[in-house]
**Student:** 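Got a structure for you, questions after.
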Amino acid sequence: MAAPSPQAIAELKEALGPEGWSEDADTLAPHLREWRDRWQGHTPLLLKPGSTAEVAAAVAICARHGVAITPQGGNTGLVGGQIPMGEVLLSTKRLRAIRDVSPLDDALTVEAGVTLYEAQQAALAVDRRFPLGLASEGTATIGGVLSTNAGGTSVVRYGMARDLVLGVEAVLADGRVFNGLKRLRKDNTGYDLKQLLIGAEGTLGIITAATLKLSPVLRGRATAIVGLETPEQAITLLARAKAESGGGVEAFELMKRLGTELVLRWIPDTREPLESMPPWSVLIELGSGSPDEAGKALERLLAQAFEDRLITDAAIAANETQAAALWRLREEQSAGLKPEGGGWKHDVSVPVSRIADFIEEASAAVDSFEPGARISVFGHVGDGNLHYDVLCPEGADLKPFLSRWTEGSRIVHDIVARYDGSISAEHGLGRLKTDEARGYKSDVEIDTLKAIRKALDPHGIFNPAILF
């Protein structure tokens with residue numbers, strides 16, 4: 001699309017007022033670079049609407065003038081979909097209201113700029129819980145979380161972001177507002193429009209508010225890290241954990257030794273969790289409605305696993321401080337890898353039963369393609385989602401290694417496809433994977449997705465560079 005005309009820029013500034021826009025380079029800078037430093041964007045104007053009405057006014061002006069818009073939440077996305085490349089950038093960070101809390105409905109209505117952590121705290125204030133958890137929850141906003149259908153550490157029990165939403169409010173491509181902020185669990189009256197908007201990465205509408213599904217607060221929680229020899233053992237342990245806890249597995253996170261070593265090397269105030277330094281470890285968290293049952297279930301699980309030689313070592317957190325220290329080893333995995341100079345990042349999913357097979361086959365293929373490459377595997381093994389990262393061989397030149405990212409990733413993703421998996425489990429496609437995804441989707445699927453987009457955004461003003 002053409003750059004916005006001076007008339008369009010003037011109308012946008014007038015509609016949003018002096019607090020609602022910026023052209024200042026210092027203000028724009030943090031909005032234009034993504035966390036991994038792979039994309040540096042540019043925009044003629046940053047829009048900062050403070051209400052749904054202002055979002056609607058801005059979108060209507062852009063639609064009238066044919067101006068493209070890139071929506072952005074907390075800018076924690078990892079596939080570049082939130083970075084503008086000449087489009088007007090619309091930030092939802094000023095949409096800050098917590099509109100309604102209804103404990104009897106187990107529902108919380110918040111605006112798109114509320115952070116995930118703030119939503120969690122609003123739920124806790126009424127003795128409820130919003131169970132979606134991310135390492136970036138202090139910065140990630142509800143609008144971005146829903147637009148990318150974020151996953152996180154508790155998917156094994158509570159599902160993805162789309163499973164935790166009762167309703168959404170969104171501005172459509174012509175500037176009209178879809179008000180779907182319902183608290184209903186059952187509404188069988190046709191297409192579920194909120195589910196079209198969730199996970200659409202801002203291409204079908206800009207989410208401005210959402211009604212979130214709350215859960216009871218856990219009265220008991222038990223956390224442990226265990227050592228294993230193989231990923232196969234982790235899968236067996238997962239099945240046992242589900243059975244032992246009656247479905248109370250809150251998280252089940254697999255980590256290869258390399259990732260843990262890099263966290264210990266680069267992240268301050270982290271400690272070695274297991275003296276045996278096993279090749280693989282799993283962070284397990286069980287939850288229960290009674291204060292003691294989660295701990296008892298975890299002790300039974302680990303005692304039997306030791307007896308059967310399924311695990312080689314274990315450490316159970318004695319209090320919340322120790323649990324937080326164990327969680328830090330998992331949550332800092334990406335940060336621990338970053339000082340190594342970057343690598344080929346893969347956010348993939350395969351059936352849980354095929355995780356070990358995938359790791360073995362993909363690792364052999366990568367080693368054949370790039371001898372000496374260091375492979376870090378971590379992720380939400382409880383739901384089949386692995387972050388499979390390939391780091392530059394020790395002492396090798398980083399630049400030529402990174403130049404082979406596309407070719408190397410194709411090798412990994414081809415294996416994912418053979419296992420009926422997905423090349424994007426929770427981060428979305430964005431600028432990173434949109435073109436590649438065409439090779440893994442059928443013509444029927446792509447044509448259908450295009451038809452939906454054409455119907456809701458006929459002029460293609462929302463995030464025009466991504467999603468087919």
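Only this structure's heavy atoms are used, side chains among them; waters, hydrogens and symmetry mates stay out.
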**Student:** Asp383 and Val352: which non-hydrogen atoms are nearest, and at how many Å?
**Tutor:**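 For Asp383 and Val352, the tightest heavy-atom pair comes out as C-CG2, 4.0 Å.
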**Student:** Salt bridge or not for Arg129 and Glu250, using N-O below 4.0 Å?
**Tutor:**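 Between Glu250 and Arg129 there is a salt bridge, with a charged N closer than 4.0 Å to a carboxylate O.
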**Student:** Hey, are His31 and Gln82 close enough side-chain-wise for a donor-acceptor pair under 3.5 Å?
**Tutor:**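 Absent: no donor and acceptor within the cut-off.
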**Student:** Less than 6.0 Å separating the ring centroids of His387 and His346?
**Tutor:**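 No, too far apart.
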**Student:** Tell me whether Tyr117 at atom OH has more than 12 heavy atoms from other residues, nucleotides or ligands lying less than 6.0 Å away.
**Tutor:**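 Atom OH in Tyr117 is not packed in, count stays at 12 or less.
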**Student:** Would you please say whether a donor-acceptor pair under 3.5 Å links the side chains of Thr203 and Glu201?
**Tutor:**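 Checked: Thr203/Glu201 side chains show no N/O donor-acceptor pair below 3.5 Å.
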**Student:** Could you tell me whether Asp192 and Lys194 make a salt bridge, using a distance below 4.0 angstrom between a side-chain N and a carboxylate O?
**Tutor:**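 Looking at Asp192 and Lys194, the cut-off is met.
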**Student:** Ion pair present between Asp414 and Arg418, side-chain N to carboxylate O less than 4.0 angstrom?
**Tutor:**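 No.
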**Student:** Looking at every non-hydrogen atom in both residues, tell me the closest pair between Gly408 and Trp344 and how far apart they are.
**Tutor:**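 Taking every non-hydrogen atom into account, CA-CZ3, 3.8 Å.
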**Student:** Would you tell me whether Gln72 and Ser91 have side-chain atoms, one donor and one acceptor, within less than 3.5 Å of each other?
**Tutor:**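 Side-chain D/A pair, Gln72 to Ser91: absent.
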**Student:** Looking at Glu272 and Arg257, does any basic side-chain N land under 4.0 Å from a carboxylate oxygen?
**Tutor:**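 So Glu272 pairs with Arg257 through a salt bridge.
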**Student:** Would you say Asp313 and Ser276 are linked by a side-chain donor-acceptor pair, where the criterion is simply a distance under 3.5 Å?
**Tutor:**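 A pair is found: one side chain offers a donor N or O, the other an acceptor, under 3.5 Å apart.
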**Student:** Quick test of your reading of the model: are Asp187 and Lys182 salt-bridged, counting only N-O distances below 4.0 Å?
**Tutor:**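 Salt bridge: yes.
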**Student:** So that I know where these two stand, are Tyr388 and Phe378 an aromatic pair - ring centroids less than 6.0 Å apart?
**Tutor:**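 No, too far apart.
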**Student:** Check this for me: Asp443, atom CG, are more than 12 non-hydrogen atoms of other residues, nucleotides or ligands nearer than 6.0 Å?
**Tutor:**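 Open: at most 12 neighbouring heavy atoms sit under 6.0 Å from CG of Asp443.
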**Student:** Using a distance-only test with no angle check, is there a side-chain donor-acceptor pair under 3.5 angstrom linking Thr115 and Thr141?
**Tutor:**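 Checked: Thr115/Thr141 side chains show no N/O donor-acceptor pair below 3.5 Å.
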**Student:** Under 6.0 Å from the NZ atom of Lys338, do we count more than 12 heavy atoms belonging to anything else shown?
**Tutor:**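 Check passes, neighbour count above 12.
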**Student:** On a heavy-atom basis, which atom in Leu204 and which in Leu172 lie closest, and how many Å separate them?
**Tutor:**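 Heavy-atom minimum between the residues: O-CD2, 3.9 Å.
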**Student:** Taking the basic N atoms (NZ, or NE/NH1/NH2) and the acidic carboxylate oxygens, is any pair closer than 4.0 Å for Arg374 and Glu340?
**Tutor:**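 The answer is yes: the pair qualifies as a salt bridge.
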**Student:** Does this structure show an ion pair linking Asp447 with Lys441, if we count only N-O contacts that are shorter than 4.0 Å?
**Tutor:**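 No, no charged N to carboxylate O under 4.0 Å.
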**Student:** For the residue pair Asn463 and Thr70, confirm or rule out a side-chain donor-acceptor distance under 3.5 Å.
**Tutor:**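 Yes - a donor-acceptor pair under 3.5 Å links their side chains.
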**Student:** Using a strict threshold of under 4.0 Å (side-chain N to carboxylate O), is an ion pair present between Arg240 and Glu244?
**Tutor:**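 Looking at Arg240 together with Glu244, the answer is no, because their closest N to O distance does not fall below 4.0 Å.
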**Student:** Please determine whether a side-chain nitrogen of the Lys or Arg among Arg185 and Asp163 lies less than 4.0 Å from a carboxylate oxygen of the Asp or Glu.
**Tutor:**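 Between Asp163 and Arg185 there is no salt bridge, as every charged N stays at least 4.0 Å from the carboxylate O atoms.
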**Student:** Would you call Glu445-Lys450 a salt bridge at under 4.0 Å N-O?
**Tutor:**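 No, no charged N to carboxylate O under 4.0 Å.
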